[in-house]
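To keep things clear, I will list the structure first and then write my remarks on it.
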Amino acid sequence: MLLNEQEILRREKREKLMGMGIDPYPAEMFDINTSAKEIEDKYTSDSDDFKNVRLAGRLMSFRIMGSASFAELQDSSGRIQIYLRRDDICPDEDKTLYNTVFKKLLDIGDIIGVEGYCFTTQTGEKSVHVTSFKILNKSLKALPVVKTDEDGNIHDGFTDPEMRYRRRYVDLIVNPQNREIFKKRAKVISTMRTFFDAQGWLEVETPILQPIHGGAAARPFKTHHNTLDMPLYMRIANELYLKRLIVGGFDGVYEFGKMFRNEGMDRTHNPEFTALEFYVAYKDYEWMMGITEQIFEKVALAVHGDTSFKFGDTTLNFSGPFTRLSIIEAIEQYTGVNVDTSTEDELRAKCKEWGMEIDNSMGKAKLIDEIFGEKVEANLIQPTFIIDYPVEMSPLTKKHRSKPGLVERFELFVMGKEVANAYSELNDPIDQRERFEDQLKLAERGDEEAMVMDEDFLRSLEYGMPPTSGIGIGIDRLTMLLTDNTSIQEVLFFPQMRPEKKVEMAKVSDYEEIGVPAVWVPALQKMGFMTIASLKEANANKVFNDLGGMRKKLKIDEKLPAKELVESWIND
RNA sequence: GAUUCCGUAGCUCAGCUGGUAGAGCAAUACACUUUUAAUGUAUGGGUCCUGGGUUCGAGCCCCAGCGGGAUCACCA
């Protein structure tokens, strides 16, 4: 591995510490009795507490002024200034611990534990006067240094999304405000969990590896089980398993789980995402809308302390009741077209008139869905229930109690995006089988997202499932809304990305094999010969000459190898 | 998948019409006992994403590729 200057220096400092008998990676624990935030919140100049504090964290900046220094220590709660004075750290003649260890061998990013007492500086900043410190970890890579001035302007921000996602740990260190997103995300989940548990519903886990990928219209990831010698799919939904549990006699079950869909990636789609699904027996979708309103209200209150909050320039209001529009009403409202009374041909003509891309395989239901997506969705800013969908688009949903051709389904839209999908669950096993058969026909026509017949699920329905309502809520999208983010990558710790390109690099022993002494390997690498093959293609004269330059540059004491030797590396 | 923009020091970014590659921070050295984006002085640091091409000469122009962002299409 090629190291840059700062990485080499930090490795040298690590060695020096070890040489002085200081273990830069001590095994024993460092007990703390306070945190940066606790001092910030509770310490006052006249308080009797905080006379003997111990805390630990990462050094984020130094302000050294001769025999006294200030530094900033960042722990999980925040930052606190620490103050070190040479003669406090080193009361005796030997000033090494301050002059050498602290001033020379510590860097930004190192983790230390300190002991001391709190005080307030002349400029009024609460600080810890350090009486002793202990190195807990020597950091070997330089952190980006992000600075914020007194007006709150950020200088040299670590903002490149690629770097931030690929090295999320660095992002979380230097942009600690981004940790808040994930705390809020956790809050969303814990708030829901508390609510569901209070209802007496059971948190369950169902298979992620499924022999049949059911429960949604999507393309799955396929894998293979060696012992069973059979294909398995990463789940695209857990719906069919949760319903089996309702058949089994649980009145309410819920699962927070990862779903996997082998489809496009962009700022609202990641190949794996988290969904909450829950199913409650003896309920219908009307009831579910009420519960959904309660859930959204609760999470908004938990995260913001208020049911309304800002998303970009928009103020969203999560207090119910939310607007309810049937998909037919919604389309009429935003286009003036009544899709209910229109024929398939009329709709197709309208779509062409609006410049939409459609093809002849699309039936009326699909056209309605397309029109909705094109003309209505983006207008649904405040939480809005769109209800009563055409039966063809909803193979797992119970037929509407009074509207023929429709099903009892709703989707909840916020900021033009679907965040929840729910229905009165279809529990007539004969009807369900027919719906699956319709899906099979779609699959035969080449629809890669069509659902697959699940005989075991049908068998469970034949034993009898009580009338049930179920819902799926996208946790990532909900978190985006609640944290004012327009990109799903921001609310996932580790969004999926292409792997980093690995630079092909020969090992030192590979160079030695062709006769290159190990001391010259860094020079050759610095010159760009990362592989033996590339070295073999080089011009021996040029390599010999450049080696002279590199010898000086890298301060290699060894005598320059003979030209014949260099030639032998390349030609033999 | 399509369109478009971007890739330069450890980090954030300049770089003119094609003519020896720059700044701030970080690093190194020195000074400094209450600073706070600490300061002052000095020093080191580059595969200009990769590979071709044009040219006397390419960070810059052309082609291809890799990676990322944004917009659009499909999906939650």
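Below, chain A is the first sequence line, B the second, and so on; all start at residue 1.
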Proximity to the side chain of [X] - top-ranked nucleotide from [options]:
| X | options | answer |
| --- | --- | --- |
| Ser127(A) | G10(B), G69(B), U35(B) | U35(B) |
| Met65(A) | U28(B), G10(B), A38(B) | A38(B) |
| Arg166(A) | G68(B), U33(B), U35(B) | G68(B) |
| Glu162(A) | G68(B), C25(B), U35(B) | G68(B) |
| Asp87(A) | U28(B), U33(B), U35(B) | U33(B) |
| Met497(A) | G68(B), U28(B), U35(B) | G68(B) |
| Asp107(A) | U28(B), U12(B), A26(B) | U28(B) |
| Pro144(A) | U33(B), U35(B), C11(B) | C11(B) |
| Gln122(A) | U35(B), U33(B), U12(B) | U35(B) |
| Lys104(A) | U28(B), A26(B), C30(B) | C30(B) |

Looking at Phe493(A), does the NZ or CZ of Arg168(A) lie under 6.0 angstrom from its six-membered ring centre and within 45 degrees of the ring axis?
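Verdict for Phe493(A): no cation-pi partner in Arg168(A).
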Would you measure the distance from the C1' atom in G53(B) across to the matching atom in A58(B) and give it in whole Å?
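It comes out at 11 Å once rounded to the nearest Å.
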Hey, what's the ring geometry for [X] with [Y], parallel, tilted or perpendicular (30° and 60° as the breaks)?
| X | Y | result |
| --- | --- | --- |
| Phe119(A) | Tyr83(A) | tilted |
| Phe260(A) | Phe221(A) | perpendicular |
| Tyr254(A) | Phe256(A) | perpendicular |

With a 3.5 Å cut-off and just heavy-atom distances, do the side chain of [X] and the base of [N] make a donor-acceptor pair?
| X | N | result |
| --- | --- | --- |
| Asp266(A) | C74(B) | yes |
| Gln81(A) | U35(B) | yes |
| Glu5(A) | G44(B) | yes |

Below 4.0 Å: OP1/OP2 of [N] and any side-chain N or O of [X]:
| X | N | value |
| --- | --- | --- |
| Arg267(A) | U71(B) | yes |
| Lys103(A) | U28(B) | no |
| Lys126(A) | U34(B) | no |
| Arg10(A) | A27(B) | no |
| Arg63(A) | U35(B) | no |

Assess whether ring pair (Phe, Tyr, Trp, His ring centres under 6.0 Å) is satisfied between Tyr423(A) and Tyr285(A), documenting all intermediate values.
CA-CA 5 Å; Tyr423(A) 18 95; Tyr285(A) 82 136; 9.5 Å; no
Under 3.5 Å, is there a donor-acceptor pair linking the side chains of Glu425(A) and Thr397(A)?
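Result is no, nothing qualifies.
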Nucleotide paired to [N] in any strand shown, Watson-Crick or G-U, under 3.5 Å:
| N | answer |
| --- | --- |
| C16(B) | none |
| G10(B) | C25(B) |
| A64(B) | U50(B) |
| A2(B) | U71(B) |
| C30(B) | G40(B) |

Need one value for [X]: base, sugar-phosphate or nothing, where a base atom within 4.0 Å counts as base even if backbone is also close, heavy atoms only.
| X | result |
| --- | --- |
| Glu418(A) | sugar-phosphate |
| Arg86(A) | nothing |
| Asn262(A) | nothing |
| Leu143(A) | nothing |
| Met163(A) | sugar-phosphate |

In whole Å, what is the span from the [atom1] atom of [X] to the [atom2] atom of [N]?
| X | N | atom1 | atom2 | value |
| --- | --- | --- | --- | --- |
| Lys95(A) | U33(B) | NZ | P | 14 Å |
| Tyr165(A) | G69(B) | OH | C1' | 9 Å |
| Ile8(A) | A26(B) | CD1 | C1' | 16 Å |
| Glu374(A) | C74(B) | CD | P | 8 Å |
| Leu105(A) | U28(B) | CG | P | 10 Å |
| Leu106(A) | U28(B) | CG | C1' | 16 Å |
| Ile80(A) | U34(B) | CD1 | P | 20 Å |
| Glu7(A) | U28(B) | CD | P | 14 Å |

If you look at every heavy atom in Gln439(A) and Met451(A), which pair is closest and at what distance?
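What the structure gives for the nearest pair is OE1-N, 2.9 Å.
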Nearest 0.5 angstrom please: Asp107(A) CG to Arg14(A) CZ, how far?
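Those atoms lie 13.5 Å apart.
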